[in-house]
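As structure tokens, the structure follows; a few thoughts come after it.
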Amino acid sequence: MRSSCLVHWASSLKTIIEASFMCTKPDVIVVGAGLAGMSAAIAAAAQGASVVVIDRGHGGGTSAVSGGVVYAGGGTRQQAIAGYGDDSPENMCRYLALEVGSAVSDATLSTFCRESVHMIEWLESLGAKFEGTLCPFRTSFPTSQYSLYFSGNEKARPFSDVARPAPRGHRAVAAHQSGMSMTGRDLWQAVFESALHIGIKFHAASWVQELRLDTRGAVGGIRFRVMSPDAPLFRVHKALTRNAAELHAMSMQPVAAVLDRIANFIWDRQAKDEEMHSGAVILAAGSYIRDKGLSRQYIPWSYRVATLGTAGDDGGGIRLAQSVGAAVDFLNHSSVSRMLYPPESLSEGIVVSPNVLPQSPLNHHISRVPPRLVIQYDLKLGG
């Protein structure tokens, strides 16, 4: 019975995706089908817009190979279950203001904290699942036994001096998970399926080549190349890109690069040129960590560490925006981590390294270890 239900579900989903090719002039085009792109598409559809999502892969992007952790607080249902229901948007904002510094504006940070509870509830309304089982020990990523944890520096000073510590790492729950299995694909899949079922159209294996301008000089559509679902090697292309994405997530870039090249070889020979007009285009096409030129320009030390991202993180969306005069900022910002996880009972002390101020307590989360320390690999532990 279960097998026949899965076959029926897969057949229905294939029909929905193939029907996407009938929509040629939507109100909104979204470029990129990760969590950001699909969320934007659903938000636009909720306002009555017809939406088409374009993705150079088959959906998911880096979101689908992530841990599936959503940072949320301010009194979520899951926090209340774990005994931290007194967390407030103001308390969350005080912590994050110290943690993120100038990375985002005060207004953006305030909005994020104020709407955090609603964000989790919104994701749950789309089919995502989160629970309030609190991880009792410090970790960068909990096992499947837990779905809520302290994912930042909430317990460490000076953060605990300005805000009451509260667990805000909400790990998505998967139907069949074990150990340290990632649940990013389960989170993304719930959002993606919800999008399809409310009428959002999806074009997989579609690479946007150019943003089209209308007679007023405003963006009015795209020129792209697309591989039809009926193409002989469409399923092979899908398997190659997804396997490559998972290998990228495991920092197995050389092997992933081989699969990416084979997938691109297939796509180059079976994709066809298309155009699509629209009143608005939203770019949510990933980062640039897979582009050597941009990486050397903005984060030149990145070649010395393992980087995370899929083939779609090649800066394509950034270049599309720049091609029509858009300004960009914060390209020299990055997130760096170095796993320093001795037993918690032994992690009392400070990190000491040449040219780095000895002010990094070991009870800090990995995100607070200075990037220079990650690159030098010459740390000493003192206490």
Side-chain angles (χ1 to χ4, degrees), residues 6 10-11 13-14 16-18 20-21 30-38 52-68 181-182 184-186 188-189 192 201-210 222-274 276 283-296 302-303 305-320:
L6 288 174
S11 177
L13 189 60
K14 182 174 184 289
I16 293 172
I17 293 175
E18 289 177 345
S20 297
F21 284 79
V30 178
V31 181
L35 271 177
M38 297 312 303
V52 169
V53 179
I54 300 285
D55 194 80
R56 62 180 284 181
H58 294 263
T62 305
S63 299
V65 293
S66 72
S181 60
M182 301 297 192
R185 179 160 294 280
D186 299 273
W188 173 82
Q189 193 74 37
F192 178 69
K201 309 302 180 183
F202 177 61
H203 286 252
S206 302
W207 201 330
V208 178
Q209 309 292 303
E210 180 185 7
I222 59 173
R223 180 177 64 82
F224 64 107
R225 299 195 71 213
V226 57
M227 184 179 181
S228 169
D230 294 325
L233 296 178
F234 182 83
R235 291 185 179 180
V236 174
H237 181 269
K238 182 176 181 178
L240 286 168
T241 55
R242 288 199 170 179
N243 288 337
E246 292 175 0
L247 290 170
H248 278 303
M250 293 186 287
S251 296
M252 298 178 66
Q253 276 77 28
V255 182
V258 172
L259 299 187
D260 283 330
R261 284 196 293 270
I262 297 173
N264 288 338
F265 179 85
I266 293 171
W267 182 87
D268 281 337
R269 281 150 183 77
Q270 299 194 354
K272 297 180 180 179
D273 293 322
E274 296 284 352
M276 186 179 295
L283 299 177
S287 72
Y288 64 82
I289 197 63
R290 289 284 168 258
D291 182 89
K292 293 183 179 179
L294 288 173
S295 294
R296 289 195 190 101
S302 62
Y303 76 95
V305 299
T307 56
L308 295 176
T310 65
D313 293 309
D314 64 351
I318 295 171
R319 290 193 177 89
L320 284 173

Legend entry - Close side-chain approach of His237 and Gln270, heavy atoms under 4.5 Å: no
Legend entry - Minimum-distance pair of heavy atoms, taken over all atoms of Thr310 and Ala245: CG2-CB, 3.7 Å
Inset, instruction - Decide yes or no for Gln209 and Asp273: does some side-chain heavy atom of the first lie under 4.5 Å from some side-chain heavy atom of the second? - result: no
Inset, instruction - Please check if atom CE in Met252 has more than 12 non-hydrogen atoms from other residues, nucleotides or ligands closer than 6.0 Å. - result: no
Inset, instruction - Among residues two or more places apart or on two chains, list those pairs meeting side chain to side chain donor-acceptor pair (under 3.5 Å) that have a residue in residues 258-269. - result: His248-Asp260
Legend entry - Heavy-atom donor-acceptor pair, Trp188 side chain to Ala33 backbone, under 3.5 Å: yes
Legend entry - Spacing of CZ belonging to Phe192 relative to CG belonging to Asp55, to within rounding of 0.5 Å: 8.5 Å
Inset, instruction - Give, for atom CG of Leu247 and atom CZ of Arg242, the distance between the pair rounded to the nearest 0.5 Å. - result: 14.5 Å
Legend entry - With Val30, the side chain to side chain contact (heavy atoms under 4.5 Å, CB included) member among Ile54, Val53, Leu283: Val53
Inset, instruction - Kindly determine whether His203 and Glu274 satisfy side-chain contact (heavy atoms from CB on, under 4.5 Å), including the steps that lead there. - result: CA-CA 11 Å; His203 286 252; Glu274 296 284 352; over 6 Å; no
Legend entry - Heavy-atom closest pair, residues Ser63 and Leu35: OG-N, 3.2 Å
Inset, instruction - Identify the heavy atoms of Ile289 and Ser302 that sit nearest to each other, and give their distance. - result: CD1-CB, 4.4 Å
Inset, instruction - Looking only at non-hydrogen atoms, find the nearest pair between Asp314 and Asp291 and report the distance. - result: O-CB, 3.4 Å
Legend entry - Trp207 six-ring face occupied by Arg56 cation (under 6.0 Å, within 45°): yes
Legend entry - Test item: Arg290 side-chain N/O and Gly309 main-chain N/O as donor-acceptor pair under 3.5 Å: yes
Inset, instruction - Evaluate the side-chain proximity of Glu246 to Met182: yes if any heavy-atom separation is below 4.5 Å, no if none is. - result: no
Legend entry - Whether Ser206 side chain and Ala204 backbone form a donor-acceptor pair below 3.5 Å: yes
Inset, instruction - Look at the side chain of Arg223 and the backbone N and O of Glu210, then say whether any donor-acceptor pair between them is shorter than 3.5 Å. - result: no
Inset, instruction - Step through it carefully: locate the ring centre of His58, locate the ring centre of Phe234, and say whether they are under 6.0 Å apart. - result: yes
Legend entry - Smallest separation among heavy atoms of Gly317 and Ala285, with atom names: CA-CB, 3.8 Å
